[in-house]
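In this text, all values refer to a predicted model and were calculated from it rather than measured experimentally. The first residue in the sequence is number 1, and the count goes up from there.
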Amino acid sequence: MATIEYVLGDITEQHVDVIVNAANSSLLGGGGVDGAIHRKGGPEILAECRKLRAGHYGSGLKTGQAVATTAGRLPARWVVHTVGPVWSATEDRSELLAACHRNSLAVAAGLGAKTVAFPAISTGIYRWPLESAAEIARAAVADAPVDLVRFVLFDRAAYEAYARP
Ligand code: ADP
């Protein structure tokens with residue numbers, strides 16, 4: 001059973017095997033946590049993303065899928081990029097948000113990673129309500145195939161939603 005922990009902080013500073021990126025399907029960078037990872041990790045990450053786009057992921061990464069690259073200059077060993085669903089008030093996309101977490105963990109475990117950090121996927125630019133995202137994310141990592149899952153929450157509201165008992 002994995003240990004699940006919650007910290008208030010910046011995912012780019014985590015000393016874990018894998019940090020998960022809330023990417024967009026282009027894999028070519030964006031705002032929010034994606035922007036921070038590319039900015040601090042340096043150009044090596046984007047170079048690997050471009051190779052993925054030139055190869056197997058020619059039409060981009062689909063929502064819910066996950067793929068790994070180097071973490072460049074970051075303290076983590078790898079970045080696992082996943083695409084969260086955009087929040088919809090009319091369509092239940094919970095299964096896609098759960099799939100992001102499960103598929104990221106499967107990719108991480110496949111690399112031999114034991115420790116994985118997640119941001120609050122889909123809760124920023126993709127507008128998923130925090131309480132709902134937290135519930136889905138927590139359930140999706142409950143039987144994670146790694147030793148440690150750390151949710152790294154960027155502000156107090158996210159921390160409180162994810163870390164509640
Ligand atoms: P999405 O498009 O999946 O909504 P965002 O990057 O816009 O992705 O936001 C996802 C979450 O990541 C938000 O809660 C945002 O506050 C948070 N976030 C932004 N920068 C960082 C960071 N450096 N470390 C951890 N979380 C971050």
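- Here Y6 and Y162 keep their ring centres 6.0 angstrom or further from each other.
- One distance of note links CG of L8 with CD of E160; it measures 9.0 Å at 0.5 Å rounding.
- Residues E44 and T69 fail the side-chain proximity criterion, which asks for heavy atoms closer than 4.5 Å.
- Side-chain contact between C49 and H38: present, with at least one pair of heavy atoms (C-beta onward) separated by less than 4.5 Å.
- Between R93 and V86, the closest side-chain pair of non-hydrogen atoms falls below 4.5 Å.
- Counting only distance, with no hydrogens or angles, the side chain of R53 and the backbone of G58 share a donor-acceptor pair below 3.5 Å.
- Without hydrogens or angle criteria, S104 side chain to V20 main chain gives no donor-acceptor distance under 3.5 Å.
- No side-chain heavy atom of K40 sits under 4.5 Å from any side-chain heavy atom of R73.
- Using a 4.5 Å heavy-atom cutoff, the side chains of N24 and D34 are in contact.
- Between the side chain of H101 and the main chain of L97, a donor-acceptor pair closer than 3.5 Å is present.
- Electrostatic pairing of R102 and E95 counts as a salt bridge here, judged by a charged N lying under 4.0 Å from a carboxylate O.
- Just one residue in the list D17, V18, V149, I19 forms a side-chain contact (heavy atoms from CB on, under 4.5 Å) with T115, and that residue is D17.
- In the hydrophobic clustering of ILVMFWY residues, with side-chain heavy atoms under 4.5 Å counting as a link, V116 and V152 come out apart.
- A donor-acceptor contact shorter than 3.5 Å links the side chain of N103 to the backbone of G64.
- Side chain of R50 to backbone of A47: no donor-acceptor contact under 3.5 angstrom is found.
- Within the 4.5 Å cutoff, the side chain of W78 has no heavy atoms near those of the V107 side chain.
- Placement of I136 and W87 within a single hydrophobic cluster is found when ILVMFWY residues are connected by side-chain heavy-atom separations under 4.5 Å, directly or transitively.
- Contact check for P85 versus C100: side-chain heavy atoms found under the 4.5 Å cut-off.
- In the hydrophobic cluster analysis, where Ile, Leu, Val, Met, Phe, Trp and Tyr join through side-chain heavy atoms closer than 4.5 angstrom, L111 is grouped together with V146.
- Atom CD of E135 sits in a sparse spot, with 12 or fewer heavy atoms from other residues, nucleotides or ligands closer than 6.0 Å.
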